Q: 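I have a structure I would like to understand better, so I am pasting it below and will then ask my questions one at a time.
On a predicted model such as this, the values are computed, not experimentally measured, just so you know. Every chain is numbered from 1 and lettered A, B, ... according to where its sequence line falls, protein lines coming before strand lines. Computed over heavy atoms, backbone and side chain alike; hydrogens, waters and symmetry mates excluded.
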Number of protein chains: 4
Amino acid sequence: MGSTTMDGTKRHRRGDTHQRIQDVALELFAEQGYEKTSLREIAERLEVTKAALYYHFKTKEEILVSIFEDLTRPMDELIEWGKAQPHTLGTKREVLRRYSEALVGAAPLFRFMQENQATIRELSIGNEFKDRMLQMRDIIRDPDASLTDQVRCVSALFTMHAGMFVLQDVDGDAEEKRKAVLEVAIDLVTQAHAGPQVP
Amino acid sequence: MGSTTMDGTKRHRRGDTHQRIQDVALELFAEQGYEKTSLREIAERLEVTKAALYYHFKTKEEILVSIFEDLTRPMDELIEWGKAQPHTLGTKREVLRRYSEALVGAAPLFRFMQENQATIRELSIGNEFKDRMLQMRDIIRDPDASLTDQVRCVSALFTMHAGMFVLQDVDGDAEEKRKAVLEVAIDLVTQAHAGPQVP
Amino acid sequence: MGSTTMDGTKRHRRGDTHQRIQDVALELFAEQGYEKTSLREIAERLEVTKAALYYHFKTKEEILVSIFEDLTRPMDELIEWGKAQPHTLGTKREVLRRYSEALVGAAPLFRFMQENQATIRELSIGNEFKDRMLQMRDIIRDPDASLTDQVRCVSALFTMHAGMFVLQDVDGDAEEKRKAVLEVAIDLVTQAHAGPQVP
Amino acid sequence: MGSTTMDGTKRHRRGDTHQRIQDVALELFAEQGYEKTSLREIAERLEVTKAALYYHFKTKEEILVSIFEDLTRPMDELIEWGKAQPHTLGTKREVLRRYSEALVGAAPLFRFMQENQATIRELSIGNEFKDRMLQMRDIIRDPDASLTDQVRCVSALFTMHAGMFVLQDVDGDAEEKRKAVLEVAIDLVTQAHAGPQVP
DNA sequence: AATGAATGAGGATTCATTCAT
DNA sequence: CATGAATGAATCCTCATTCAT
């Protein structure tokens, strides 16, 4: 029942449940945290049994890992691209611009990552995530710049991550806010670049 | 037996265990997260029984609450002071300066708060903390400023919170880093102030 | 499709998978025990799905039962033969001799039976196995003999079962060990026969 | 309630529950096997909750380990003693005699060990038990004797272990049976000693 | 001021089994 | 002949909490 589609194809929507588990899980993880979200809860909301989850994923952690891998792919590609470019201010601005867009697609995941750092540190994705962040940092910052300028770069990255969520309860349309955040981030990086020239 | 002597030497100072519980708890909470830290673990590290913890605190949450209240008192006072001042750039700078110092004393707690947001949101201190942050925000930002400038202010706050931990694996002495972070934060607020004048 | 060819070459011989399941199952049962061996494990090692096992066998227990029946047929025949003979010492020796040989073919099964008695007792083959053993015992022992002599006979049987596995970590070639075990068993039965004559 | 004794001592029978858990656990382990016995079952029979078991023992395995350690102490001592004696036939007989007696006290445990070998092999006591058996074997057997004589010695040991349980459904009083088994075992060892002299 | 003993609720995970395709 | 998807029941275990002493 219910697996027949308009065109009469009685397809078994392979990946349907798989995908739905990921969706609901991310929703709940982001809402309540990883630890506080039980598999029972996920299963109930999907109207399947806990055991069904285990048919699709070997462990609770694997659910998270799979979400993470799926949603951070665009960032991986961005990092790959960024590392191949010359470390100019132009590159950095472009990276921030693209990063800002990539974040939109993975917003719930990043909100989750940000709010569950303690938990994630102990999980297998902990290091993976940290590595990605450090790679981004190394694309953005200049290790020979002043400490202050380095802080500016790190702050730029942070502003982008946090900005999106912290501003949730502020007035204004989401796309506008994204642009404002991006502007501040680009400003910070630009200042970091200008900085050393006028010591 | 015989835990008090006339001159106070070698006595189990009242509040000794109480304090030790808070210390160990915060240490573990910050390290592993609130959910992953069990009372058994805290008790074991203190070499007392779980039941002993219940002599000093009614619940696990109360341990956290008490830590929170003790460690955020300086910030409360700062907020009180800040609200009483005129909303000038000078005030804001001073607030950031003092905030930066206050953060040093409460660093593990803030690290904890930052890394356990999802958990904390469901706890009683969740709102308290959010309120404090919003009050800080309202001291720092100007609600009539452009969205971008508002982001600058929020970013200034965020930079201070995050900066301290994210920079842990970066070179340089802690006090220097604190100053660099403070500088960037003050810069951001200063720019936010300059901004509206050149629209 | 296409699993049989005219000349029988390259055909999926009927019972191929059936047989392979039994082989792998016995191997794992003997190695890890019945309870600790899951159908998932068996299926994985065969590179089929669990459901495939259910095409060939109705239950997990049935897999074991079928192995048991296949491998103990020679013993059944031996018992049939033994019961038909006169209860002389010669018969008993011959039975032991043949039993020893039969054991070689069913070694993994017997190792399994011996190491999983608690489990087997609750299974349908439990009684069957016990019955076989009692019938063997009744061929070997003389119910009117002294208790000691009866113990000798039971011990002879036991020695044969256990001997093969316990001696695994002892020096020497398997066939030699089998003969040594057989010799001791025959000795025991011989003594049991000599016993009553010299009270 | 119920913890007051005749003499008015209101003692908390420390170790009472601890001991009762061991008793019931061994009973069930021996009856149904280790795997098939769930903690729920043990708890129910004791009219406590599962969690209570975990107050007394860290894991299910630890319950078994503790039983094992308590009940095999006499054997450890016997082995210690046996190793210190000269390897004469007299010593061996004495060891068997004492072993036979020690077995009576630990009968359910040994029945359990015998019937759950597959399970035990994977548990921490597996090796401990095997070690004890090999030490016994090395006290009893002579490594330079003929293979047949070595089998005799191993068989003697085995006969003692198995004899007690296999003979359960045979006529006669328990003590008598024990003596018969012991006699056969001693005979086997004696023959092993006499053997090499007449090659 | 602290302990020993226990509980109830819930956690993740595994298993044998079923059934439509 | 075999699979993909799912279930229900059970498993071991952990946790915060309570209470008499």
Q: Check whether any side-chain N or O of A/Thr17 sits under 4.0 Å from OP1 or OP2 of F/dA6, and answer yes or no.
A: yes

Q: On DNA chain F, nearest-nucleotide positions of D/Lys50 versus B/Glu61: which is more 5'?
A: D/Lys50

Q: Closer to the 5' end of DNA chain F via nearest nucleotide, is it D/Thr59 or A/Leu53?
A: A/Leu53

Q: Does OP1 or OP2 of F/dC13 have a side-chain N or O of D/Tyr54 closer than 4.0 Å?
A: yes

Q: Check B/Thr49 against B/Ala43 and note the closest heavy-atom contact, atom names and distance.
A: C-CB, 3.7 Å

Q: Starting at CD1 of D/Ile21 and ending at P of F/dC13, how long is that distance when rounded to a whole Å?
A: 14 Å

Q: If pairs are Watson-Crick or G-U with both distances under 3.5 Å, what is the dot-bracket string of DNA chain F, marking crossing pairs with [ ] and pairs to another strand with |?
A: .||||||||||||||||||||

Q: Has B/Gln117 got a side-chain atom pairing as donor or acceptor with B/Gln114's backbone, closer than 3.5 angstrom?
A: yes

Q: When the nearest nucleotide of DNA chain E is assigned to A/Lys58 and to C/Ala51 on a heavy-atom basis, which residue is associated with the more 5' position?
A: A/Lys58

Q: Between E/dA5, F/dC13, F/dT17, which nucleotide gets closest to the side-chain atoms of B/Lys60?
A: F/dT17

Q: Give the minimum heavy-atom separation between A/Ser124 and A/Glu61, together with the two atoms involved.
A: N-OE2, 2.8 Å

Q: Send over the distance from D/Arg20 CZ to E/dA5 P, rounded to a whole Å.
A: 13 Å

Q: Give a yes/no answer on whether the side chain of A/His18 brings an N or O atom under 4.0 Å of OP1 or OP2 in F/dG4.
A: no

Q: Within the structure, does a side-chain N or O atom of A/Tyr55 lie under 4.0 Å from either OP1 or OP2 of F/dA5?
A: yes

Q: Using atom CD of A/Gln19 as one end and atom P of F/dA5 as the other, report the distance to the nearest whole Å.
A: 14 Å

Q: Output all residues satisfying side-chain contact (heavy atoms from CB on, under 4.5 Å) with B/Ala118, sequence neighbours left out; order by chain, then residue number.
A: A/Glu115, A/Asn116, B/Arg121

Q: With sequence neighbours excluded, give me every salt bridge (Lys or Arg N to Asp or Glu O under 4.0 Å) pair touching residues 34-48 of chain A.
A: A/Glu27-A/Arg45, A/Arg40-A/Glu44

Q: In whole angstrom, what separates C/Asp16's CG from F/dC1's P?
A: 10 Å

Q: Going by number, which of residues 27-49 of chain D have a non-hydrogen atom under 4.0 Å from DNA chain F?
A: D/Thr37, D/Ser38, D/Leu39, D/Arg40

Q: Ignoring hydrogens, what is the shortest heavy-atom contact between C/Ala30 and C/Pro108? Give both atom names and the distance.
A: CB-O, 4.0 Å

Q: For D/Asp70, check salt bridge (charged side-chain N to carboxylate O under 4.0 Å, His left out) against everything at least two apart and list the hits.
A: D/Arg73

Q: Between D/Lys60 and D/Tyr54, is NZ or CZ placed under 6.0 angstrom from the six-membered ring centre and within 45° of the ring axis?
A: no

Q: Can you list the residues that meet the ring pair (Phe, Tyr, Trp, His ring centres under 6.0 Å) rule with B/Phe110, with sequence neighbours excluded?
A: B/Phe129, B/His161

